[in-house]
Structures are given as structure tokens and as C-alpha cells.
Amino acid sequence: NDVRVIGKYAFSSCEKLRHIEISKESKLQTIEEGAFLFSAIENITVPNEVKKIGKQAFSFCGKLRQIEISKESKLQTIGEGAFNVSSIGIITLPNGVKNIGKHAFYNCNSLRLVELTKESKLETIEESTFYETSIKNITIPNDVRIISKHAFYRCDKLRRVELTKDSKLQMIGEEAFAGTPIKKITIP
């Protein structure tokens with residue numbers, strides 16, 4: 001219960017590591033860069049005290065299908081490429097997440113649902129964050145000011161993007177929605 005950090009590359013390339021159990025009462029606050037890179041984990045529950053998931057922490061975890069993050073989570077940062085090329089299908093991002101790094105869910109072909117509320121603190125959807133995912137629809141939180149280059153590029157199932165009248169959106173980047181089958185979008 002006293003472990004506060006899982007260090008850089010701590011379990012990287014652990015090809016037989018399938019299950020990780022972390023107590024709900026855990027005081028873990030940081031999962032550092034590459035902590036589980038190229039491992040065989042299948043699922044993980046991120047403890048509520050975790051504030052940061054580092055760069056490529058779960059990158060290239062091809063068997064990772066489920067990640068649970070509670071709505072009460074204190075998570076604020078998801079690092080660059082944190083889950084890229086994994087097999088997760090659904091991700092719920094708590095309202096406190098302010099930063100999602102470039103390529104965070106890049107090429108997560110199984111990712112079909114991203115749950116973000118309008119009250120989310122997220123301000124920028126970075127470059128290639130959801131590049132080539134299977135998202136069908138997305139609600140852009142009110143505080144998002146920038147949707148960066150290639151943010152939803154080649155999401156070939158994305159049909160609906162919802163922006164509210166209260167949206168603070170200021171910029172939609174180059175090819176942000178290129179190669180998607182969007183039928184309608186209302187830009188505030």
C-alpha cells in the first residue's frame with residue numbers, strides 16, 4: 001500500500017506478465033515512462049490516487065483490452081503515447097484530466113468508445129491522440145480550445161462529433177478529421 005511510484009520501464013518487455021493487482025487503497029501516484037511497455041498485461045485498474053500515467057507507460061501492450069479508471073480518480077496527465085498500439089475498447093476519462101499527450105491512443109484499432117463529460121478540464125486534444133481508432137462518436141468537452149493536427153485522422157467509424165453552444169473551441173488543426181465518415185458537425 002505504500003508504493004507511490006512505479007518507475008521507468010519497471011515491467012517493460014515482461015512477455016509473461018498478464019495480471020497486475022493494485023489495491024484500491026493504494027497510495028500509488030505515478031506510473032512512469034514505459035512502466036509496462038511491451039508487456040503482456042490484459043487489464044489494469046488504475047488506483048484513484050494516481051495523478052500521472054507517463055509517456056508510453058502501456059504502449060505496445062497488444063493484449064491490454066481493459067483499463068478501469070474511476071470517475072473519482074485524481075488522474076490529471078496521460079503522457080505521450082501512453083496507450084498507443086494497445087487493444088483497449090473503452091476508456092472513461094475522469095473530469096480532472098487536463099493533459100493527454102500526443103499519440104496517447106494512436107492506432108488503438110479496438111478503441112470504440114471514449115467517455116468524456118462536458119465538465120472535463122481537458123483543454124487540448126493533441127496531435128494524433130485518437131489517430132486510427134474505431135471511435136463512433138465523441139463529445140468534445142466545453143473547455144477544449146484546440147483540436148490538433150490529425151487528432152481523429154482516419155477514424156473510419158467516426159460519424160458524430162458533438163460540440164456544445166458553450167464550447168470554447170478556437171482551433172481545429174490540419175487534417176484533424178480527415179478520412180472520417182462524419183455526416184454532420186456544428187461548429188460554435
Side-chain angles (χ1 to χ4, degrees), residues 1-116 120-135 148-155:
N1 279 353
D2 289 339
V3 174
R4 295 180 191 269
V5 175
I6 296 177
K8 291 181 179 181
Y9 306 100
F11 298 98
S12 69
S13 300
C14 289
E15 296 173 3
K16 297 192 187 243
L17 179 63
R18 296 190 184 279
H19 304 287
I20 299 160
E21 288 184 29
I22 304 173
S23 161
K24 288 183 180 179
E25 293 80 34
S26 172
K27 294 184 173 64
L28 184 65
Q29 294 180 359
T30 306
I31 300 172
E32 289 192 346
E33 179 178 338
F36 296 95
L37 176 71
F38 289 112
S39 72
I41 63 168
E42 296 173 355
N43 56 61
I44 188 165
T45 299
V46 177
N48 286 350
E49 296 299 313
V50 171
K51 292 179 182 165
K52 180 180 179 183
I53 296 174
K55 179 180 179 180
Q56 292 191 311
F58 298 94
S59 186
F60 294 96
C61 292
K63 295 182 180 176
L64 179 60
R65 288 183 170 78
Q66 185 177 9
I67 178 153
E68 288 184 36
I69 303 172
S70 112
K71 290 181 179 176
E72 290 78 39
S73 170
K74 295 179 182 174
L75 187 64
Q76 295 175 3
T77 302
I78 296 174
E80 184 176 328
F83 296 97
N84 70 340
V85 198
S86 69
S87 297
I88 56 175
I90 297 171
I91 185 98
T92 301
L93 297 172
N95 289 342
V97 173
K98 294 177 184 173
N99 304 305
I100 301 176
K102 295 177 182 180
H103 308 98
F105 299 96
Y106 175 91
N107 214 357
C108 290
N109 301 124
S110 299
L111 183 60
R112 64 189 183 279
L113 180 62
V114 176
E115 294 181 337
L116 278 163
S120 169
K121 302 287 185 269
L122 188 65
E123 292 185 2
T124 303
I125 298 175
E126 293 286 354
E127 181 179 333
S128 302
T129 298
F130 298 106
Y131 188 115
E132 282 193 350
T133 60
S134 295
I135 297 169
S148 299
K149 174 182 177 179
H150 295 151
F152 295 93
Y153 186 71
R154 294 179 62 184
C155 291

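Quick caveat: nothing in here was measured; it's all calculated off a predicted structure.
A perpendicular orientation is assigned to the rings of Y106 and H103, their planes being inclined by more than 60° (bins at 30° and 60°).
Checked by atom type, the side-chain pair E115/T92 shows a donor-acceptor distance below 3.5 Å.
Looking only at distances, no side-chain donor or acceptor of S134 sits under 3.5 Å from a matching main-chain atom of S110.
Here CD1 of I125 is found 4.0 Å from CZ of F152. Values are rounded to the nearest 0.5 Å. The distance from the CD1 atom of I88 to the CG atom of L64 is 6.5 Å, given to the nearest 0.5 Å. Interatomic distance, E80 CD to S128 OG, rounded to the nearest 0.5 Å: 10.0 Å.
Residue pairs meeting the salt bridge (charged side-chain N to carboxylate O under 4.0 Å, His left out) criterion with at least one member in residues 86-113, sequence neighbours excluded, do not occur.
For the pair N107 and Y131, the minimum side-chain heavy-atom distance is 4.5 Å or more. Looking at I69 and P94, their side chains come closer than 4.5 Å, going by heavy atoms from C-beta outward. No side-chain heavy atom of E132 sits less than 4.5 Å from a side-chain heavy atom of Y153. The side-chain heavy atoms of L93 and I78, taken from C-beta on, include a pair separated by under 4.5 Å.
For F105 against T133, the heavy-atom pair with the smallest separation is O-CG2, 3.4 Å. Considering all non-hydrogen atoms of both residues, G96 and K121 come closest at CA-CG, 4.3 Å.
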Please report, to 0.1 Å, the donor-acceptor pairs under 3.5 Å made by any side chain of residues 35-61, with sequence neighbours excluded.
from, atom 1, to, atom 2, distance (Å)
S39, OG, F36, O, 2.8
E42, OE2, R18, NH1, 3.3
N48, OD1, S70, OG, 3.0
E49, OE1, K74, NZ, 3.1
E49, OE2, K74, NZ, 3.2
S59, OG, N84, OD1, 2.2

side-chain contact (heavy atoms from CB on, under 4.5 Å) between T124 and S148, worked out: CA-CA 7 Å; T124 303; S148 299; 3.8 Å; yes
CA sep, side-chain torsions, deciding dist, call: V114, I91, side-chain contact (heavy atoms from CB on, under 4.5 Å): CA-CA 5 Å; V114 176; I91 185 98; 3.9 Å; yes
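Checked against side-chain contact (heavy atoms from CB on, under 4.5 Å), E32 has the following partners two or more places apart in sequence or in another chain: V5, K8, T30.
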